[in-house]
2 protein chains.
Amino acid sequence: MADSHSGESLLFLTDEQLRQGIEAVFFAYRGFTADPDRILATMAYGRAHHRAIHFINRAPGTTVTNLLAILGVTKQSLNRVLRTLIEDGLVESRVGASDRRERNLYLTEAGIALENRLSDAQRTRMRAAYREAGPEAVIGFRKVLEAMMDPEMRRLYARLRESGQ
Amino acid sequence: MADSHSGESLLFLTDEQLRQGIEAVFFAYRGFTADPDRILATMAYGRAHHRAIHFINRAPGTTVTNLLAILGVTKQSLNRVLRTLIEDGLVESRVGASDRRERNLYLTEAGIALENRLSDAQRTRMRAAYREAGPEAVIGFRKVLEAMMDPEMRRLYARLRESGQ
DNA sequence: TTGGAGTGTCAACAAAGCTGACGTATTGTG
DNA sequence: CACAATACGTCAGCTTTGTTGACACTCCAA
(Lines give C-alpha, C1' and ligand atoms only; values in the text may rest on other atoms or scores of the structure.)
Protein backbone atom coordinates (compact mmCIF):
# COMPACT_ATOMS: atom_id res chain seq x y z
CA MET A 1 0.00 0.00 0.00
CA ALA A 2 1.46 3.30 -1.10
CA ASP A 3 -1.01 5.52 0.73
CA SER A 4 0.00 4.66 4.29
CA HIS A 5 -0.30 7.97 6.05
CA SER A 6 2.88 8.90 7.90
CA GLY A 7 3.47 5.32 8.96
CA GLU A 8 -0.08 4.96 10.27
CA SER A 9 -2.08 1.91 9.23
CA LEU A 10 -5.27 2.69 7.37
CA LEU A 11 -6.56 -0.86 7.56
CA PHE A 12 -9.46 0.33 9.72
CA LEU A 13 -10.84 2.11 6.65
CA THR A 14 -11.13 -0.99 4.45
CA ASP A 15 -14.53 -1.89 3.04
CA GLU A 16 -14.58 -5.04 5.16
CA GLN A 17 -13.98 -3.08 8.35
CA LEU A 18 -16.67 -0.59 7.37
CA ARG A 19 -19.12 -3.40 6.62
CA GLN A 20 -18.48 -4.91 10.02
CA GLY A 21 -19.05 -1.53 11.63
CA ILE A 22 -22.34 -1.13 9.77
CA GLU A 23 -23.52 -4.54 10.91
CA ALA A 24 -22.43 -3.81 14.46
CA VAL A 25 -24.58 -0.66 14.46
CA PHE A 26 -27.52 -2.66 13.16
CA PHE A 27 -27.29 -5.40 15.78
CA ALA A 28 -26.48 -3.00 18.61
CA TYR A 29 -29.47 -0.82 17.77
CA ARG A 30 -31.67 -3.88 18.11
CA GLY A 31 -30.43 -4.32 21.67
CA PHE A 32 -30.63 -0.61 22.32
CA THR A 33 -34.39 -0.52 21.73
CA ALA A 34 -35.25 -4.01 23.01
CA ASP A 35 -35.70 -3.24 26.72
CA PRO A 36 -37.93 -0.16 26.45
CA ASP A 37 -39.89 -1.88 23.68
CA ARG A 38 -40.71 -4.75 26.01
CA ILE A 39 -42.09 -2.33 28.59
CA LEU A 40 -44.02 -0.32 26.02
CA ALA A 41 -45.58 -3.45 24.54
CA THR A 42 -47.42 -4.01 27.82
CA MET A 43 -49.16 -0.64 27.37
CA ALA A 44 -50.79 0.99 24.39
CA TYR A 45 -47.56 2.78 23.51
CA GLY A 46 -44.76 2.34 21.02
CA ARG A 47 -41.27 3.59 20.29
CA ALA A 48 -42.59 6.91 19.08
CA HIS A 49 -44.11 7.61 22.49
CA HIS A 50 -40.82 6.74 24.15
CA ARG A 51 -38.91 9.18 21.98
CA ALA A 52 -41.33 12.01 22.72
CA ILE A 53 -41.26 11.30 26.45
CA HIS A 54 -37.48 11.07 26.47
CA PHE A 55 -36.87 14.44 24.86
CA ILE A 56 -39.62 16.27 26.74
CA ASN A 57 -38.02 15.03 29.95
CA ARG A 58 -34.64 16.08 28.67
CA ALA A 59 -35.72 19.58 27.69
CA PRO A 60 -38.78 20.49 29.75
CA GLY A 61 -40.79 23.32 28.26
CA THR A 62 -39.63 22.55 24.73
CA THR A 63 -41.93 23.63 21.92
CA VAL A 64 -43.60 21.37 19.39
CA THR A 65 -41.49 22.77 16.57
CA ASN A 66 -38.30 22.11 18.47
CA LEU A 67 -39.39 18.55 19.17
CA LEU A 68 -40.18 18.08 15.47
CA ALA A 69 -36.62 19.02 14.57
CA ILE A 70 -35.18 16.64 17.14
CA LEU A 71 -37.35 13.68 16.22
CA GLY A 72 -37.35 14.29 12.47
CA VAL A 73 -40.97 13.43 11.82
CA THR A 74 -43.95 15.37 10.51
CA LYS A 75 -46.08 17.35 12.92
CA GLN A 76 -49.08 15.16 12.09
CA SER A 77 -47.15 12.10 13.17
CA LEU A 78 -45.87 13.74 16.34
CA ASN A 79 -49.27 15.23 17.09
CA ARG A 80 -50.95 11.84 17.12
CA VAL A 81 -48.46 10.58 19.67
CA LEU A 82 -48.55 13.78 21.71
CA ARG A 83 -52.35 13.79 21.80
CA THR A 84 -52.57 10.36 23.38
CA LEU A 85 -49.88 11.27 25.91
CA ILE A 86 -51.75 14.43 26.87
CA GLU A 87 -55.10 12.61 27.04
CA ASP A 88 -53.53 9.96 29.25
CA GLY A 89 -52.14 12.63 31.54
CA LEU A 90 -48.46 11.92 30.93
CA VAL A 91 -47.66 15.18 29.16
CA GLU A 92 -48.88 18.69 29.85
CA SER A 93 -49.10 21.30 27.11
CA ARG A 94 -48.99 24.90 28.33
CA VAL A 95 -49.57 27.95 26.19
CA GLY A 96 -46.30 29.81 25.73
CA ALA A 97 -45.71 32.77 28.07
CA SER A 98 -43.87 35.10 25.69
CA ASP A 99 -45.36 33.73 22.45
CA ARG A 100 -48.84 32.45 23.00
CA ARG A 101 -48.84 30.51 19.71
CA GLU A 102 -46.27 28.13 21.06
CA ARG A 103 -46.99 25.22 23.34
CA ASN A 104 -44.49 24.35 26.03
CA LEU A 105 -44.42 20.66 26.80
CA TYR A 106 -43.81 19.15 30.23
CA LEU A 107 -44.03 15.69 31.72
CA THR A 108 -46.54 15.22 34.53
CA GLU A 109 -45.67 13.13 37.58
CA ALA A 110 -47.04 10.08 35.80
CA GLY A 111 -45.02 10.98 32.72
CA ILE A 112 -41.86 11.28 34.75
CA ALA A 113 -42.58 7.90 36.35
CA LEU A 114 -42.87 6.22 32.95
CA GLU A 115 -39.81 8.00 31.64
CA ASN A 116 -37.86 6.67 34.59
CA ARG A 117 -38.99 3.11 34.01
CA LEU A 118 -38.07 3.27 30.33
CA SER A 119 -34.75 5.00 30.67
CA ASP A 120 -33.75 2.88 33.65
CA ALA A 121 -34.12 -0.18 31.45
CA GLN A 122 -32.15 1.41 28.64
CA ARG A 123 -29.46 2.79 30.91
CA THR A 124 -28.99 -0.56 32.59
CA ARG A 125 -27.95 -2.08 29.30
CA MET A 126 -25.76 0.87 28.38
CA ARG A 127 -24.12 0.85 31.80
CA ALA A 128 -23.29 -2.84 31.44
CA ALA A 129 -21.91 -2.23 27.96
CA TYR A 130 -19.83 0.75 29.10
CA ARG A 131 -18.47 -1.17 32.05
CA GLU A 132 -17.58 -4.14 29.87
CA ALA A 133 -15.87 -2.00 27.24
CA GLY A 134 -14.12 0.40 29.58
CA PRO A 135 -13.73 4.21 29.68
CA GLU A 136 -11.28 4.43 26.78
CA ALA A 137 -13.66 2.54 24.52
CA VAL A 138 -16.55 4.78 25.56
CA ILE A 139 -14.63 7.88 24.51
CA GLY A 140 -14.06 6.34 21.09
CA PHE A 141 -17.66 5.20 20.88
CA ARG A 142 -18.95 8.71 21.48
CA LYS A 143 -16.42 10.19 19.07
CA VAL A 144 -17.46 7.97 16.16
CA LEU A 145 -21.18 8.39 16.87
CA GLU A 146 -20.83 12.13 16.79
CA ALA A 147 -18.92 11.96 13.53
CA MET A 148 -21.71 9.85 12.01
CA MET A 149 -24.37 12.51 12.63
CA ASP A 150 -25.62 15.03 10.12
CA PRO A 151 -24.28 18.49 10.98
CA GLU A 152 -27.77 19.62 11.98
CA MET A 153 -28.16 16.65 14.33
CA ARG A 154 -24.76 17.37 15.81
CA ARG A 155 -25.91 20.89 16.67
CA LEU A 156 -29.09 19.65 18.35
CA TYR A 157 -27.13 17.01 20.21
CA ALA A 158 -24.59 19.56 21.46
CA ARG A 159 -27.37 21.84 22.65
CA LEU A 160 -29.00 19.03 24.61
CA ARG A 161 -25.69 18.15 26.22
CA GLU A 162 -25.16 21.73 27.37
CA SER A 163 -28.62 22.03 28.87
CA GLY A 164 -28.26 18.58 30.45
CA GLN A 165 -25.09 19.42 32.33
CA MET B 1 -17.14 9.25 45.95
CA ALA B 2 -16.37 6.16 48.00
CA ASP B 3 -16.82 3.63 45.20
CA SER B 4 -13.86 4.60 43.05
CA HIS B 5 -12.58 1.32 41.75
CA SER B 6 -8.84 0.88 42.40
CA GLY B 7 -8.18 4.52 41.66
CA GLU B 8 -10.09 4.36 38.40
CA SER B 9 -12.69 7.07 37.72
CA LEU B 10 -16.19 5.77 37.18
CA LEU B 11 -17.55 9.10 36.03
CA PHE B 12 -18.23 7.59 32.61
CA LEU B 13 -20.96 5.48 34.23
CA THR B 14 -23.02 8.39 35.58
CA ASP B 15 -26.63 8.68 34.48
CA GLU B 16 -25.83 11.89 32.64
CA GLN B 17 -23.05 10.21 30.64
CA LEU B 18 -25.36 7.30 29.85
CA ARG B 19 -28.13 9.65 28.74
CA GLN B 20 -25.72 11.42 26.43
CA GLY B 21 -24.65 8.09 25.01
CA ILE B 22 -28.26 7.10 24.42
CA GLU B 23 -28.98 10.34 22.60
CA ALA B 24 -25.79 9.98 20.57
CA VAL B 25 -26.95 6.55 19.40
CA PHE B 26 -30.33 7.98 18.44
CA PHE B 27 -28.93 10.87 16.40
CA ALA B 28 -26.17 8.78 14.85
CA TYR B 29 -28.64 6.13 13.74
CA ARG B 30 -30.58 8.84 11.93
CA GLY B 31 -27.47 9.65 9.94
CA PHE B 32 -26.65 5.99 9.50
CA THR B 33 -29.87 5.30 7.59
CA ALA B 34 -30.27 8.67 5.88
CA ASP B 35 -28.17 8.06 2.77
CA PRO B 36 -29.56 4.65 1.73
CA ASP B 37 -33.06 5.90 2.57
CA ARG B 38 -32.66 8.73 0.09
CA ILE B 39 -31.74 6.28 -2.66
CA LEU B 40 -34.51 3.84 -1.75
CA ALA B 41 -37.10 6.61 -1.73
CA THR B 42 -36.56 7.06 -5.48
CA MET B 43 -37.65 3.45 -6.04
CA ALA B 44 -40.50 1.41 -4.66
CA TYR B 45 -38.28 0.09 -1.87
CA GLY B 46 -37.79 0.83 1.80
CA ARG B 47 -35.41 0.11 4.62
CA ALA B 48 -36.66 -3.45 4.93
CA HIS B 49 -35.56 -4.19 1.36
CA HIS B 50 -32.16 -2.72 2.08
CA ARG B 51 -31.67 -4.98 5.09
CA ALA B 52 -32.62 -8.09 3.13
CA ILE B 53 -30.33 -7.15 0.25
CA HIS B 54 -27.48 -6.35 2.60
CA PHE B 55 -27.50 -9.68 4.39
CA ILE B 56 -28.13 -11.78 1.29
CA ASN B 57 -25.09 -10.12 -0.24
CA ARG B 58 -23.15 -10.72 2.92
CA ALA B 59 -24.05 -14.39 3.20
CA PRO B 60 -24.92 -15.62 -0.30
CA GLY B 61 -26.93 -18.83 -0.29
CA THR B 62 -28.38 -18.10 3.12
CA THR B 63 -31.73 -19.71 3.92
CA VAL B 64 -34.96 -17.93 4.73
CA THR B 65 -34.90 -19.17 8.34
CA ASN B 66 -31.39 -17.87 8.83
CA LEU B 67 -32.34 -14.48 7.43
CA LEU B 68 -35.33 -14.38 9.77
CA ALA B 69 -33.03 -14.82 12.76
CA ILE B 70 -30.68 -12.10 11.55
CA LEU B 71 -33.38 -9.56 10.76
CA GLY B 72 -35.60 -10.38 13.72
CA VAL B 73 -38.92 -10.14 11.90
CA THR B 74 -41.72 -12.58 11.15
CA LYS B 75 -41.60 -14.69 8.03
CA GLN B 76 -44.73 -12.99 6.73
CA SER B 77 -43.01 -9.63 6.96
CA LEU B 78 -39.82 -10.88 5.34
CA ASN B 79 -41.74 -12.77 2.69
CA ARG B 80 -43.51 -9.65 1.49
CA VAL B 81 -40.18 -7.93 0.96
CA LEU B 82 -38.51 -10.99 -0.54
CA ARG B 83 -41.35 -11.59 -2.98
CA THR B 84 -41.02 -8.14 -4.54
CA LEU B 85 -37.24 -8.49 -4.76
CA ILE B 86 -37.58 -11.85 -6.52
CA GLU B 87 -40.31 -10.55 -8.85
CA ASP B 88 -38.13 -7.56 -9.72
CA GLY B 89 -35.20 -9.84 -10.48
CA LEU B 90 -32.89 -8.61 -7.72
CA VAL B 91 -32.90 -11.82 -5.70
CA GLU B 92 -32.83 -15.43 -6.83
CA SER B 93 -34.30 -18.24 -4.73
CA ARG B 94 -32.87 -21.69 -5.44
CA VAL B 95 -34.13 -24.94 -4.00
CA GLY B 96 -31.65 -26.30 -1.47
CA ALA B 97 -29.20 -28.93 -2.74
CA SER B 98 -28.96 -31.11 0.36
CA ASP B 99 -32.35 -30.25 1.87
CA ARG B 100 -34.90 -29.50 -0.81
CA ARG B 101 -37.25 -27.82 1.69
CA GLU B 102 -34.81 -24.97 2.06
CA ARG B 103 -34.43 -22.04 -0.29
CA ASN B 104 -31.00 -20.56 -0.84
CA LEU B 105 -31.03 -16.86 -1.56
CA TYR B 106 -28.67 -15.08 -3.91
CA LEU B 107 -28.43 -11.59 -5.37
CA THR B 108 -28.64 -11.35 -9.15
CA GLU B 109 -26.40 -8.97 -11.08
CA ALA B 110 -29.05 -6.28 -10.72
CA GLY B 111 -29.30 -7.04 -7.01
CA ILE B 112 -25.57 -6.72 -6.58
CA ALA B 113 -25.64 -3.42 -8.46
CA LEU B 114 -28.27 -2.00 -6.10
CA GLU B 115 -26.47 -3.37 -3.05
CA ASN B 116 -23.34 -1.58 -4.19
CA ARG B 117 -25.13 1.72 -4.62
CA LEU B 118 -26.70 1.48 -1.19
CA SER B 119 -23.67 0.30 0.73
CA ASP B 120 -21.38 2.73 -1.08
CA ALA B 121 -23.53 5.54 0.25
CA GLN B 122 -23.53 4.11 3.74
CA ARG B 123 -19.83 3.29 3.74
CA THR B 124 -18.93 6.77 2.54
CA ARG B 125 -20.45 8.24 5.68
CA MET B 126 -18.90 5.61 7.92
CA ARG B 127 -15.50 6.08 6.30
CA ALA B 128 -15.66 9.82 6.90
CA ALA B 129 -16.69 9.25 10.50
CA TYR B 130 -13.93 6.68 11.07
CA ARG B 131 -11.32 8.93 9.53
CA GLU B 132 -12.46 11.87 11.61
CA ALA B 133 -12.49 9.88 14.85
CA GLY B 134 -9.31 7.90 14.25
CA PRO B 135 -8.37 4.22 14.63
CA GLU B 136 -8.30 4.21 18.44
CA ALA B 137 -11.82 5.59 18.59
CA VAL B 138 -13.02 3.00 16.09
CA ILE B 139 -11.76 0.18 18.28
CA GLY B 140 -13.69 1.59 21.23
CA PHE B 141 -16.74 2.17 19.06
CA ARG B 142 -16.83 -1.47 17.98
CA LYS B 143 -16.18 -2.66 21.52
CA VAL B 144 -19.13 -0.80 23.00
CA LEU B 145 -21.47 -1.73 20.15
CA GLU B 146 -20.69 -5.39 20.64
CA ALA B 147 -21.31 -5.11 24.36
CA MET B 148 -24.70 -3.54 23.66
CA MET B 149 -25.93 -6.53 21.66
CA ASP B 150 -28.07 -9.35 22.97
CA PRO B 151 -25.98 -12.52 23.31
CA GLU B 152 -27.83 -14.11 20.41
CA MET B 153 -27.11 -11.11 18.17
CA ARG B 154 -23.49 -11.23 19.21
CA ARG B 155 -23.28 -14.81 18.00
CA LEU B 156 -24.84 -13.99 14.63
CA TYR B 157 -22.58 -10.97 14.28
CA ALA B 158 -19.47 -13.02 15.03
CA ARG B 159 -20.49 -15.62 12.50
CA LEU B 160 -20.94 -12.99 9.79
CA ARG B 161 -17.55 -11.54 10.58
CA GLU B 162 -15.86 -14.88 10.21
CA SER B 163 -17.51 -15.65 6.89
CA GLY B 164 -16.81 -12.10 5.69
CA GLN B 165 -13.06 -12.31 6.33
C1' DT C 1 -54.39 45.52 9.06
C1' DT C 2 -52.43 42.09 6.77
C1' DG C 3 -49.01 38.43 5.85
C1' DG C 4 -46.78 34.78 7.75
C1' DA C 5 -45.40 31.69 11.52
C1' DG C 6 -46.82 28.24 14.93
C1' DT C 7 -50.10 25.02 15.92
C1' DG C 8 -53.84 21.65 15.53
C1' DT C 9 -56.77 18.59 12.87
C1' DC C 10 -59.19 16.12 9.05
C1' DA C 11 -58.75 12.64 5.43
C1' DA C 12 -56.37 9.31 2.91
C1' DC C 13 -52.69 6.51 2.31
C1' DA C 14 -48.14 3.60 2.59
C1' DA C 15 -44.44 0.90 4.78
C1' DA C 16 -43.53 -2.51 7.70
C1' DG C 17 -44.26 -4.77 11.55
C1' DC C 18 -47.61 -8.30 14.04
C1' DT C 19 -50.91 -12.79 14.97
C1' DG C 20 -53.33 -16.73 13.48
C1' DA C 21 -54.43 -20.18 10.31
C1' DC C 22 -53.63 -23.15 6.60
C1' DG C 23 -51.37 -25.73 2.65
C1' DT C 24 -47.48 -28.09 0.55
C1' DA C 25 -43.26 -30.13 0.05
C1' DT C 26 -39.72 -32.61 2.14
C1' DT C 27 -37.25 -34.90 5.66
C1' DG C 28 -36.35 -37.61 9.65
C1' DT C 29 -37.95 -40.98 12.93
C1' DG C 30 -40.35 -44.62 15.30
C1' DC D 1 -44.19 -47.42 5.82
C1' DA D 2 -46.72 -44.11 8.54
C1' DC D 3 -46.45 -40.05 10.85
C1' DA D 4 -44.52 -36.04 13.09
C1' DA D 5 -41.63 -32.22 12.37
C1' DT D 6 -39.42 -28.76 9.50
C1' DA D 7 -39.06 -25.12 5.92
C1' DC D 8 -41.46 -22.32 3.28
C1' DG D 9 -45.23 -19.62 1.27
C1' DT D 10 -49.57 -17.30 1.60
C1' DC D 11 -54.24 -15.42 2.95
C1' DA D 12 -56.66 -12.35 6.01
C1' DG D 13 -56.78 -8.86 9.25
C1' DC D 14 -54.79 -5.66 12.40
C1' DT D 15 -51.41 -1.99 14.52
C1' DT D 16 -47.92 1.50 14.65
C1' DT D 17 -45.78 5.03 12.63
C1' DG D 18 -44.62 7.38 9.04
C1' DT D 19 -46.24 10.31 4.74
C1' DT D 20 -49.14 14.36 1.71
C1' DG D 21 -52.42 17.68 1.19
C1' DA D 22 -55.81 20.81 2.75
C1' DC D 23 -57.63 23.90 5.93
C1' DA D 24 -58.55 26.74 10.13
C1' DC D 25 -57.20 29.34 14.07
C1' DT D 26 -54.26 32.33 16.87
C1' DC D 27 -51.06 35.64 17.30
C1' DC D 28 -46.87 38.44 16.18
C1' DA D 29 -44.73 41.92 13.63
C1' DA D 30 -44.16 44.98 9.88
Side-chain angles (χ1 to χ4, degrees), chain A residues 26 29-30 33-34 36-56 61-88 91-106, chain B residues 26 29-30 33-34 36-56 61-88 91-106:
Chain A
F26 172 74
Y29 197 77
R30 292 262 302 272
T33 56
D37 279 357
R38 258 190 294 275
I39 296 172
L40 291 159
T42 68
M43 332 185 188
Y45 297 134
R47 211 175 282 179
H49 299 85
H50 181 197
R51 290 200 278 259
I53 288 173
H54 175 98
F55 286 108
I56 294 173
T62 187
T63 63
V64 173
T65 302
N66 188 39
L67 206 49
L68 285 177
I70 289 172
L71 298 178
V73 298
T74 59
K75 76 180 161 172
Q76 291 89 333
S77 201
L78 174 59
N79 200 253
R80 179 172 35 204
V81 165
L82 230 36
R83 202 188 325 165
T84 69
L85 292 175
I86 292 170
E87 279 169 6
D88 296 352
V91 167
E92 196 189 345
S93 167
R94 295 186 210 152
V95 172
S98 59
D99 185 337
R100 293 165 47 83
R101 286 169 305 181
E102 294 181 345
R103 300 291 179 275
N104 296 115
L105 302 170
Y106 300 89
Chain B
F26 172 74
Y29 197 78
R30 291 263 302 272
T33 56
D37 279 358
R38 257 189 294 275
I39 295 172
L40 291 158
T42 67
M43 332 185 187
Y45 297 135
R47 212 175 280 180
H49 300 84
H50 181 197
R51 290 200 279 259
I53 288 173
H54 175 97
F55 286 107
I56 294 173
T62 188
T63 64
V64 173
T65 302
N66 188 37
L67 205 50
L68 285 178
I70 289 173
L71 298 178
V73 297
T74 59
K75 79 180 159 171
Q76 292 90 331
S77 201
L78 174 58
N79 200 253
R80 179 172 34 201
V81 165
L82 229 37
R83 201 188 322 169
T84 68
L85 291 175
I86 292 170
E87 279 170 4
D88 296 353
V91 168
E92 196 188 344
S93 166
R94 295 185 210 154
V95 172
S98 58
D99 187 337
R100 291 168 49 82
R101 286 172 303 182
E102 294 182 345
R103 298 290 179 274
N104 296 116
L105 303 171
Y106 300 88

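In what follows, every heavy atom counts, from backbone to side chain, and hydrogens, waters and symmetry copies are set aside. Quick note on labels: first sequence line is chain A, next is B, and so on, each numbered from 1.
Here dA16(C) presents its P atom at 16 Å from CG of Leu68(B), a figure rounded to the nearest Å. Spacing between atom CG of Asp37(A) and atom P of dG17(C) amounts to 13 Å, rounded to whole angstrom units. Note: CG (Leu67(B)) to P (dA16(C)) measures 15 Å, nearest angstrom.
Taking every heavy atom of both residues into account, Ala69(A) and Arg30(B) meet most closely at O-NH2, 4.1 Å. Pairing each heavy atom of Asn104(A) with each of Ala97(A), the nearest pair is OD1-N, 4.1 Å.
Sorted by residue number, the members of residues 80-87 of chain A with any non-hydrogen atom under 4.0 Å from DNA chain D read Arg80(A). Using a 4.0 Å cut-off on heavy atoms, the residues of residues 39-48 of chain A that approach DNA chain D are Gly46(A), Arg47(A), Ala48(A), listed by number.
In terms of the salt bridge (Lys or Arg N to Asp or Glu O under 4.0 Å) criterion, residue partners of Arg94(A) (sequence neighbours excluded) are, by chain and number, Glu92(A). For Thr63(B), there are no side chain to side chain donor-acceptor pair (under 3.5 Å) partners, not counting sequence neighbours. In this view, Arg100(B) satisfies the salt bridge (Lys or Arg N to Asp or Glu O under 4.0 Å) rule with no residue, not counting sequence neighbours. Residues forming a side-chain contact (heavy atoms from CB on, under 4.5 Å) with Ile39(A) (at least two apart in sequence, or on another chain): Met43(A), Arg117(A), Leu118(A), Ala121(A).
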N/O donor-acceptor pairs under 3.5 Å from side chains in residues 45-56 of chain A, not counting sequence neighbours:
{"unit_1": "Tyr45(A)", "atom_1": "OH", "unit_2": "Asp88(A)", "atom_2": "OD2", "d": "2.4"}
{"unit_1": "Arg47(A)", "atom_1": "NE", "unit_2": "Asp37(A)", "atom_2": "OD1", "d": "3.4"}
{"unit_1": "Arg47(A)", "atom_1": "NE", "unit_2": "Asp37(A)", "atom_2": "OD2", "d": "3.2"}
{"unit_1": "Arg47(A)", "atom_1": "NH2", "unit_2": "Thr33(A)", "atom_2": "OG1", "d": "3.4"}
{"unit_1": "Arg47(A)", "atom_1": "NH2", "unit_2": "Asp37(A)", "atom_2": "OD2", "d": "2.7"}
{"unit_1": "His49(A)", "atom_1": "ND1", "unit_2": "Gly46(A)", "atom_2": "N", "d": "2.9"}
{"unit_1": "His49(A)", "atom_1": "NE2", "unit_2": "Thr84(A)", "atom_2": "OG1", "d": "3.3"}
{"unit_1": "His54(A)", "atom_1": "NE2", "unit_2": "Glu23(B)", "atom_2": "OE2", "d": "2.8"}

List the atom pairs, with distances to 0.1 Å, where a side-chain N or O of residues 76-83 of chain A and a protein N or O form a donor-acceptor pair under 3.5 Å, not counting sequence neighbours.
none

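Residue pairs meeting the salt bridge (Lys or Arg N to Asp or Glu O under 4.0 Å) criterion with at least one partner in residues 68-77 of chain A, sequence neighbours excluded, do not occur; the list is empty. Residue pairs that meet the salt bridge (Lys or Arg N to Asp or Glu O under 4.0 Å) test with at least one member in residues 61-71 of chain A, sequence neighbours left out, do not exist here.
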In B/S/- notation, 5' to 3', how is nucleotides 19-30 of chain C contacted by protein heavy atoms closer than 4.0 Å? BBB---BBS---
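Protein chain B contacts DNA chain D over a range whose 5' and 3' limits, counting nucleotides with an atom under 4.0 angstrom from a non-hydrogen atom, are dA5(D) to dC11(D).
To the nearest 0.5 angstrom, Glu102(A) atom CD is 9.5 Å from Asn66(A) atom CG.
Residue Asn79(B) is the one, among Leu78(A) and Asn79(B), whose nearest nucleotide of DNA chain D lies closer to the 5' end (criterion: closest heavy atom).
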